Amino acid sequence: MSRLDASLLADLPPFSGMSRDALDDMLARAVSFRSAKDTYVFREGEEAHSFFLLLDGYVRVVKVTPEGEQVIVRYIATGELLGIAKAIGRDSYPANAVAAVDCVLLAWPSNTWDAIVAAHPGFATNTYSMVGSRLVGTQDRVVELATERVEQRVANAILSLARETGRKTDEGILIDFPISRQDISEMTGTTLHTVSRLLSGWDSKGWIKGGRQKITLVEGHKLMMVASARD
DNA sequence: CCATTAAAGGATT
DNA sequence: AATCCTTTAATGG
């Protein structure tokens, strides 16, 4: 049992505006645990026994079609909530959650959801506004998938990953976890070959710098041109 | 414009 | 050595 201090939570969006006492109470109800890279935090269809906060690392949320095809729904970054089935009136998880790197999480039993929401209206408000913005983001992606060309979708995926998870390096903005061409294709509804061709093209123009499971955004504005190009 | 198939080389375990 | 990841080219919808 490591001692966790409430100040760990204070700066995270789900807990913004909450008092020190409230944070202590939330923390007292949680247990922390680790999830090694490539292990499941939870699985689709499983009973939603807990909801989670990602304290460190990255988690990808994945749906698998009946044919076994994988679709990456979103990436969860450090400081975000996941598995909040109770908040959307479900009692099973709607997708798989896989650690993209070694992760540290907090878990709350789902049966404490109602009590927590009742005791901490600020947390409830924060959670529902997060659910709302994820919904908006998902809607935008539906439009994108339906209307934009592959090149634009891949450019957008790189840009948002860099924005949400990017870490500054001397080269540019590095996407902060191992991500393969296959992963990008599962986010954008295309094949790894097409992603590979696009990325190596942008690499040779100096707009990005690629490597095995590595992408660094060098000229973000160039990709924004690609992402918004009308034809 | 993009998916599929095939082939080959480098990286990782 | 076996497996995974990436690149490249050819073909066809």
Side-chain angles (χ1 to χ4, degrees), chain A residues 33-44 56-78 95-104 137-231:
Chain A
F33 70 101
R34 290 168 183 283
S35 192
K37 177 168 160 38
D38 294 329
T39 61
Y40 285 83
V41 177
F42 54 79
R43 292 172 191 267
E44 176 169 7
D56 189 47
Y58 294 96
V59 169
R60 64 170 173 274
V61 179
V62 181
K63 292 280 272 187
V64 182
T65 67
E67 298 80 35
E69 201 173 339
Q70 307 224 12
V71 179
I72 297 179
V73 178
R74 70 172 76 258
Y75 276 90
I76 305 289
T78 300
N96 302 299
V98 183
V101 296
D102 290 343
C103 290
V104 181
T138 302
Q139 288 175 167
D140 290 347
R141 283 194 58 204
V142 172
V143 172
E144 190 182 302
L145 279 167
T147 63
E148 292 186 350
R149 290 173 292 114
V150 166
E151 189 186 25
Q152 303 178 287
R153 305 205 298 269
V154 173
N156 268 322
I158 308 277
L159 286 168
S160 39
L161 286 171
R163 192 177 329 109
E164 291 155 25
T165 81
R167 190 163 52 76
K168 254 226 162 329
T169 68
D170 44 352
E171 294 265 335
I173 302 169
L174 171 71
I175 295 174
D176 201 22
F177 51 85
I179 184 159
S180 67
R181 309 299 189 256
Q182 174 84 47
D183 291 330
I184 304 279
S185 72
E186 288 172 5
M187 298 175 68
T188 54
T190 181
T191 63
L192 78 158
H193 306 100
T194 298
V195 172
S196 177
R197 250 180 278 113
L198 288 169
L199 293 194
S200 55
W202 295 337
D203 193 323
S204 60
K205 291 179 189 164
W207 299 354
I208 66 161
K209 180 123 180 7
R212 187 190 171 87
Q213 299 196 116
K214 257 184 48 174
I215 302 170
T216 302
L217 183 58
V218 181
E219 304 266 7
H221 53 102
K222 294 287 188 184
L223 277 205
M224 298 198 321
M225 298 299 293
V226 173
S228 60
R230 282 265 37 113
D231 43 22

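On a predicted model such as this, the values are computed, not experimentally measured, just so you know.
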Next on the checklist: Rounded to whole Å, please give me the gap between CG in A:Leu199 and C1' in C:dC5.
Outcome noted: 13 Å
Next on the checklist: What's A:Leu192 touching, base or sugar-phosphate or nothing? Going by heavy atoms closer than 4.0 Å.
Outcome noted: base
Item to check | Whole-Å gap separating P (C:dC5) and CD1 (A:Ile184) | outcome: 13 Å
Item to check | Option from A:Lys63, A:Gln70, A:Arg43 for which side-chain contact (heavy atoms from CB on, under 4.5 Å) with A:Asn96 holds | outcome: A:Arg43
Item to check | Per-nucleotide protein contact string for nucleotides 6-13 of chain B, where B marks a base within reach and S marks sugar-phosphate only (heavy atoms under 4.0 Å, - for neither) | outcome: B---BSS-
Checklist entry - Looking only at side-chain N and O atoms, does A:Thr190 come under 4.0 Å of OP1 or OP2 in B:dC2? => result no
Next on the checklist: Taking any heavy-atom pair under 4.0 Å as a contact, classify A:Ser196: base, sugar-phosphate, or nothing.
Outcome noted: base
Checklist entry - Checking A:Thr65 side chain against A:Glu69 main chain: does a donor-acceptor pair fall under 3.5 Å? => result yes
Checklist entry - Does OP1 or OP2 of B:dC2 have a side-chain N or O of A:Thr194 closer than 4.0 Å? => result no
Next on the checklist: With heavy-atom distances below 4.5 Å as the criterion, would you say the side chains of A:Ile215 and A:Ile158 are in contact?
Outcome noted: yes
Next on the checklist: Are A:Val41 and A:Cys103 packed together at the side-chain level, in the sense that at least one heavy-atom pair is separated by less than 4.5 angstrom?
Outcome noted: no
Checklist entry - Can you name the salt bridge (Lys or Arg N to Asp or Glu O under 4.0 Å) partners of A:Glu151, sequence neighbours left out? => result A:Arg149
Checklist entry - Between C:dT3 atom C1' and A:Asp38 atom CG, what is the distance in whole Å? => result 14 Å
Checklist entry - For A:Thr191, which contact category applies under a 4.0 Å heavy-atom criterion: base, sugar-phosphate, or nothing? => result base
Checklist entry - Any side-chain heavy atom of A:Val73 within less than 4.5 Å of one from A:Arg60? => result no
Checklist entry - Please give, in whole Å, the distance from C:dC5 P to A:Ile179 CD1? => result 12 Å
Item to check | Rounded distance (Å) that lies between atom P of C:dT6 and atom CG of A:Asp183 | outcome: 8 Å
Checklist entry - How many Å lie between CG on A:Asp203 and P on C:dT7, as a whole number? => result 8 Å
Checklist outcome for this item: Between CD of A:Glu186 and C1' of B:dA3 the distance, given in whole Å, is 16 Å
Checklist outcome for this item: From the candidates C:dT8, C:dT7, C:dC5, the one with an atom nearest any side-chain atom of A:Arg197 is C:dT8
Checklist entry - For residues A:Asp203 and A:Ser200, is any side-chain donor paired with an opposing acceptor at under 3.5 Å? => result no
Next on the checklist: For A:Phe177 and A:Tyr58, take the angle between the two ring planes, folded into 0 to 90°, and tell me which bin it lands in: parallel under 30, tilted 30 to 60, perpendicular over 60.
Outcome noted: tilted
Checklist outcome for this item: With the side chain defined as heavy atoms from C-beta on, A:Arg149 is closest, among B:dC1, C:dT6, C:dA10, to B:dC1
Next on the checklist: Just verifying a value: how many Å separate A:Leu223 CG and A:Ile208 CD1, rounded to the nearest 0.5 Å?
Outcome noted: 7.0 Å
Checklist entry - Hey, what bend do you get for the helix from B:dC1-C:dG13 to B:dT13-C:dA1 if you fit axes on five pairs at each end, rounded to 10°? => result 20°
Item to check | A:Gln213 CD to C:dT7 C1', straight-line distance once rounded to whole Å | outcome: 15 Å
